[in-house]
*Asks:* 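My questions will all concern the structure given below.
Numbering of residues begins at 1 and proceeds along the displayed sequence.
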Amino acid sequence: MVKARRYIFRGQSDFMDIVIRNIANEFVVVDPDKKATVEPVDPMLYQRIEKNYEGFKSHELISSYEFSCDWNTWEIHPHGDEIVLLLSGEITLILQLNGGQKSVTLTELGSYIIVPKGIWHTAKTIVPSKLLFITPGEGTLNKDVPE
């Protein structure tokens with residue numbers, strides 16, 4: 001695990017505190033004014049985000065998750081596109097489009113897709129994989145994946 005490291009720099013008019021962080025331990029919430037706030041990854045994360053960021057209205061979450069099995073839900077983001085970037089492994093994202101499904105497999109590290117706003121999506125893991133997400137969280141919905 002990478003620990004946060006602090007650096008102090010002289011800015012234009014003041015000193016700046018720059019911290020190197022790890023997305024596995026801390027996510028980032030970006031507000032409508034593009035101010036970034038660090039949130040520790042813990043069991044209360046989503047309750048805290050819902051409470052402290054106006055139900056995620058006009059906010060984005062930058063997060064990372066590791067998956068070793070298929071997602072057990074579909075999700076949809078009605079207020080913006082979601083970026084899904086492959087950090088390791090290989091994963092197939094399944095999008096519900098026009099009554100059918102379209103599969104997109106990410107195999108190259110650094111490859112990503114943009115899931116359009118209002119599109120239900122889920123994923124199948126091929127091997128254990130790690131993804132980075134930039135998610136417009138407001139109004140996100142989930143439903144079970146049919147068996």
Side-chain angles (χ1 to χ4, degrees), residues 1-7 9 16-147:
M1 174 170 45
V2 175
K3 293 190 176 200
R5 291 187 306 243
R6 297 187 101 78
Y7 296 88
F9 294 99
M16 299 183 321
D17 188 12
I18 304 296
V19 180
I20 296 175
R21 302 178 181 276
N22 189 308
I23 196 71
N25 308 322
E26 298 171 313
F27 293 167
V28 179
V29 176
V30 180
D31 74 14
D33 295 325
K34 301 306 175 201
K35 179 180 181 289
T37 302
V38 174
E39 286 289 344
V41 177
D42 61 31
M44 298 303 295
L45 172 69
Y46 287 99
Q47 291 88 342
R48 197 169 52 250
I49 287 173
E50 183 70 27
K51 177 184 172 194
N52 296 340
Y53 301 99
E54 302 171 40
F56 240 142
K57 185 174 181 172
S58 300
H59 290 73
E60 296 170 301
L61 179 66
I62 301 172
S63 61
S64 178
Y65 290 96
E66 292 186 49
F67 301 96
S68 57
C69 59
D70 297 347
W71 294 6
N72 61 0
T73 64
W74 289 85
E75 68 176 11
I76 190 171
H77 308 289
H79 293 283
D81 300 343
E82 179 178 45
I83 299 165
V84 182
L85 182 138
L86 183 68
L87 297 175
S88 68
E90 184 175 334
I91 197 157
T92 298
L93 291 142
I94 302 164
L95 312 175
Q96 282 187 341
L97 301 169
N98 299 325
Q101 293 182 355
K102 175 71 175 171
S103 297
V104 177
T105 302
L106 301 178
T107 59
E108 183 180 333
L109 302 186
S111 61
Y112 66 93
I113 69 165
I114 298 172
V115 178
K117 128 176 143 172
I119 298 295
W120 284 100
H121 55 285
T122 191
K124 304 262 182 210
T125 42
I126 296 162
V127 298
S129 303
K130 187 172 189 177
L131 300 170
L132 178 82
F133 298 89
I134 302 173
T135 305
E138 179 183 0
T140 294
L141 299 172
N142 294 91
K143 66 180 179 179
D144 290 339
V145 172
E147 294 189 28

*Asks:* Restricting to non-hydrogen atoms, name the atom on Gly110 and the atom on Leu85 that form the minimum distance, rounded to 0.1 Å.
*Replies:*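 Heavy-atom minimum between the residues: O-CD1, 3.9 Å.
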*Asks:* Return the set of residues passing side chain to side chain donor-acceptor pair (under 3.5 Å) with Ser111 (not counting sequence neighbours), or none when no residue passes.
*Replies:*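 For Ser111, no residue satisfies side chain to side chain donor-acceptor pair (under 3.5 Å) once neighbours in sequence are set aside.
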*Asks:* Taking everything shown except Gln101 itself, do over 12 heavy atoms lie less than 6.0 Å from its CD?
*Replies:*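 Counting other residues, nucleotides and ligands, CD of Gln101 exceeds 12 neighbours.
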*Asks:* Test: ring-ring contact (aromatic ring centres under 6.0 Å, His included). Region: residues 33-58. Which pairs qualify, not counting sequence neighbours?
*Replies:*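 Every ring-ring contact (aromatic ring centres under 6.0 Å, His included) pair that includes a residue of residues 33-58, provided the two are not neighbours, is Tyr53-His59.
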*Asks:* Closest heavy-atom contact between Trp74 and Asp144?
*Replies:*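 Scanning both residues, the minimum pair turns out to be CD1-O, 3.6 Å.
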*Asks:* Please assess Glu60 against Lys34 for the test side-chain contact (heavy atoms from CB on, under 4.5 Å), listing each intermediate value before the final yes or no.
*Replies:* CA-CA 9 Å; Glu60 296 170 301; Lys34 301 306 175 201; 3.5 Å; yes
*Asks:* Assign the ring pair Trp71 / Phe133 to parallel, tilted or perpendicular, where the plane angle (0 to 90°) is split at 30° and 60°.
*Replies:*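 Geometry flag for Phe133 against Trp71: tilted rings.
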*Asks:* State which residues pass side chain to side chain donor-acceptor pair (under 3.5 Å) with Thr107; sequence neighbours excluded, sorted by chain then number.
*Replies:*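 In terms of side chain to side chain donor-acceptor pair (under 3.5 Å), with neighbours along the sequence ignored, Thr107 is linked to no residue.
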*Asks:* Measuring from Thr135:OG1 to Glu75:CD, what's the distance to the nearest 0.5 Å?
*Replies:*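 It is 6.5 Å, given to the nearest 0.5 Å.
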*Asks:* Would you call Val115 and His77 a side-chain contact if the rule is heavy atoms closer than 4.5 Å?
*Replies:*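 Sidechains of His77 and Val115: no contact.
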*Asks:* Could you tell me whether Lys143 atom NZ has more than 12 heavy atoms of other residues or ligands within 6.0 Å of it?
*Replies:*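 Atom NZ in Lys143 is crowded, with more than 12 foreign heavy atoms closer than 6.0 Å.
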*Asks:* Ile126 and side-chain contact (heavy atoms from CB on, under 4.5 Å): which single residue from Thr105, Ile91, Leu106 fits?
*Replies:*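 Exactly one option meets the side-chain contact (heavy atoms from CB on, under 4.5 Å) with Ile126, and it is Thr105.
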*Asks:* Any non-hydrogen side-chain atom of Asp31 less than 4.5 Å from a side-chain atom of Thr37?
*Replies:*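 The answer is no, as the side chains (C-beta and beyond) never meet within the 4.5 Å cut-off.
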*Asks:* Report yes or no: do Gln96 and His121 form a side-chain donor-acceptor pair below 3.5 Å?
*Replies:*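 No donor-acceptor contact under 3.5 Å links the two side chains.
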*Asks:* Taking only residues two or more places apart in sequence, or in another chain, which ones meet Ser64 in a side chain to side chain donor-acceptor pair (under 3.5 Å)?
*Replies:*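 Once residues adjacent in sequence are excluded, Ser64 has no partner under the side chain to side chain donor-acceptor pair (under 3.5 Å) criterion.
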*Asks:* When you measure from the side chain of Glu90 to the backbone N and O of Val127, does any donor-acceptor pair fall under 3.5 Å?
*Replies:*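 No: the side chain of Glu90 does not pair with the backbone of Val127.
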*Asks:* Let me confirm one number: the NZ-CD distance from Lys57 to Glu50, rounded to the nearest 0.5 Å.
*Replies:*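 Result: 13.0 Å between the selected atoms.
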*Asks:* Rounded to the nearest 0.5 Å, how far apart are CD1 of Ile134 and CG of Asp81?
*Replies:*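 One gets 11.5 Å once the value is rounded to the nearest 0.5 Å.
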*Asks:* Quick one: pull up CD1 in Ile119 and CG in Asn98 and give me the separation to the nearest 0.5 Å.
*Replies:*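 Rounded to the nearest 0.5 Å, the CD1-CG separation comes to 7.5 Å.
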*Asks:* Parallel, tilted or perpendicular for Phe27 and Tyr65, by the 30°/60° rule?
*Replies:*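 The rings of Phe27 and Tyr65 stand perpendicular, inter-plane angle above 60°.
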*Asks:* Looking at Glu108, I want to see if its CD is surrounded by more than 12 non-hydrogen atoms of other residues, nucleotides or ligands under 6.0 Å.
*Replies:*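 No, CD of Glu108 has 12 or fewer neighbouring heavy atoms, counting only those of other groups under 6.0 Å.
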*Asks:* Counting C-beta onward and ignoring hydrogens, is there a side-chain heavy-atom pair between Leu131 and Leu86 closer than 4.5 Å?
*Replies:*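 Yes, close enough: below the 4.5 Å cut-off.
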*Asks:* Between the side chain of Asp70 and the main-chain N/O of Thr125, is any donor-acceptor distance below 3.5 Å?
*Replies:*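 Yes.
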*Asks:* Rounded to the nearest 0.5 Å, how far apart are NZ of Lys130 and CG of Leu109?
*Replies:*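 Between Lys130 NZ and Leu109 CG, I get 12.0 Å after rounding to 0.5 Å.
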*Asks:* To the nearest 0.5 Å, what is the distance between OG on Ser63 and CD1 on Ile23?
*Replies:*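 Answer for the OG-CD1 pair, Ser63 versus Ile23, is 6.5 Å.
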*Asks:* Can you name the residues that form a side chain to side chain donor-acceptor pair (under 3.5 Å) with Asp42, not counting sequence neighbours?
*Replies:*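 For Asp42, the residues satisfying side chain to side chain donor-acceptor pair (under 3.5 Å) (neighbours in sequence not counted) are Arg48.
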*Asks:* Applying ring-ring contact (aromatic ring centres under 6.0 Å, His included), name anything that partners Tyr112, two or more places apart in sequence or on another chain.
*Replies:*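 Listed in chain order: nothing, the list is empty.
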*Asks:* Taking Asp33 for the side chain and Lys35 for the main chain, is one N or O donor matched with an acceptor at less than 3.5 Å?
*Replies:*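 A pair under 3.5 Å: no.
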